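The structure appears right after this line, and notes come after that.
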Amino acid sequence: MPIYYDISLPVSAEMPVWPGDPAIRIEQVSSARKDGLNISRLEMGTHTLTHMDAPRHVKDRGTPVDRLPLDLLIGPALVVEPRHEGNLITATDLGELGIRKTERLLIKTRNSELWMGGPYEFESDYVSLTKDAARWLLSRGIKLVGIDYLSIEAVDSKDCLLY
């Protein structure tokens, strides 16, 4: 039987969001003790915490997330931890990893430390991919790429790296 790992971040109102995105709001609307059920209202943008950017995120006619095939999202993934200088992972950095044929790649960086402890604030100084790194991944047929922060590209990027 396969082993599945949930890499989702916990949702709480204290977690950071992308600049300009709506804050996470959680409101208890009923309680089990008083009303017989615990029910909460959750409000947040779709680009919050652990999320997936479907082609629709950047293209009006792109595929929305609910139309992506589930087999793309579930299955074996290769986890890598590149050695790189600064905040940018380049094609050269990825090439040095000896990445074998894979459809799903998860990139672990020092960004993971940003989720430990708190208090949480948006950090613009996170590790991201360069345009040449994105092209490198696409040229190898990698269909799903994940990184351990709110975006795979730099906060000031004007490019859409993977579509």
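What's counted below: heavy atoms across the whole structure, side chains too, no hydrogens, waters or symmetry copies. The structure displayed is predicted, hence computed values, not measured ones.
Checked by atom type and distance alone, the side chain of Arg56 never pairs as donor or acceptor with a backbone atom of Thr63 at under 3.5 Å. With hydrogens and angles ignored, the 3.5 Å screen pairs a side-chain donor or acceptor of Arg140 with a backbone N or O of Trp136. Between the side chain of Thr102 and the backbone N or O of Leu105 there is no donor-acceptor pair closer than 3.5 Å. Within the 3.5 Å criterion, the main-chain N or O of Leu9 finds a donor-acceptor partner in the side chain of Thr50. A donor-acceptor pair is defined here as one N or O able to donate and one able to accept, closer than 3.5 Å; such a pair exists between the side chain of His84 and the backbone of Gly86.
Val17 and Met15 fall within a single hydrophobic cluster, where Ile, Leu, Val, Met, Phe, Trp and Tyr are joined by side-chain heavy atoms under 4.5 Å apart, directly or via other members. Under the 4.5 Å side-chain heavy-atom criterion for ILVMFWY residues, no single connected hydrophobic cluster contains both Val58 and Leu150.
With contacts defined as side-chain heavy-atom distances shorter than 4.5 Å, the pair Leu88/Val127 does not qualify. For the pair Glu103 and Leu144, the minimum side-chain heavy-atom distance is 4.5 Å or more. Pro55 is listed as a side-chain neighbour of Leu68, based on a closest heavy-atom distance under 4.5 Å.
Each salt bridge (Lys or Arg N to Asp or Glu O under 4.0 Å) pair with one or both residues in residues 17-32, not counting sequence neighbours, appears once here: Arg25-Glu43, Glu27-Arg41. Pairs of residues two or more places apart, or lying in two chains, that qualify as ring pair (Phe, Tyr, Trp, His ring centres under 6.0 Å) and include a residue from residues 12-38 are Trp18-His47, Trp18-Phe122. Note on residues 61-86: pairs passing salt bridge (Lys or Arg N to Asp or Glu O under 4.0 Å), not counting sequence neighbours, are Glu81-Lys108.
Other members of the cluster containing Leu37 are Val29, Ile39, with ILVMFWY side chains joined at under 4.5 Å, either directly or via other members. Cluster partners of Met116, using a side-chain heavy-atom cutoff of under 4.5 Å among ILVMFWY residues and allowing indirect links: none.
Each of Arg104, Lys143, Met52 was evaluated against Leu73; a single residue qualifies, Met52, per the side-chain contact (heavy atoms from CB on, under 4.5 Å) test.
For Trp115, the ring pair (Phe, Tyr, Trp, His ring centres under 6.0 Å) partners at least two apart in sequence or on another chain are Tyr149. When the side-chain hydrogen bond (donor to acceptor under 3.5 Å, both in side chains) test is applied to Ser112, the partners found at least two apart in sequence or on another chain are Asp148. Take Ser139 and apply the side chain to side chain contact (heavy atoms under 4.5 Å, CB included) test, not counting sequence neighbours, and it matches no residue. In this structure, the side-chain hydrogen bond (donor to acceptor under 3.5 Å, both in side chains) partners of Asp6, at least two apart in sequence or on a different chain, are Ser8. Glu121 is linked by a side chain to side chain contact (heavy atoms under 4.5 Å, CB included) to nothing, counting only residues two or more places apart in sequence or in another chain. Partners of Ile74 under the side chain to side chain contact (heavy atoms under 4.5 Å, CB included) rule, at least two apart in sequence or in another chain, are Tyr4.
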inquiry  = As a quick check of understanding, evaluate side-chain contact (heavy atoms from CB on, under 4.5 Å) for Val155 and Asp125, giving each step before the final call.
reply    = CA-CA 8 Å; Val155 69; Asp125 195 30; over 6 Å; no
Distance-only criterion, 3.5 Å: show the donor-acceptor pairs between side-chain atoms of residues 89-98 and protein atoms not counting sequence neighbours.
residue	atom	partner	partner atom	Å
Thr90	OG1	Thr92	N	3.4
Thr90	OG1	Asp93	N	3.1
Thr90	OG1	Asp93	OD2	3.1
Asp93	OD2	Thr90	N	2.8

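Atom CD1 of Ile26 has more than 12 neighbouring heavy atoms from other residues, nucleotides or ligands inside a 6.0 Å radius. Atom CG of Leu70 has 12 or fewer heavy atoms from other residues, nucleotides or ligands within 6.0 Å.
Side chains of Glu153 and Ser151: no donor on one and acceptor on the other come within 3.5 Å.
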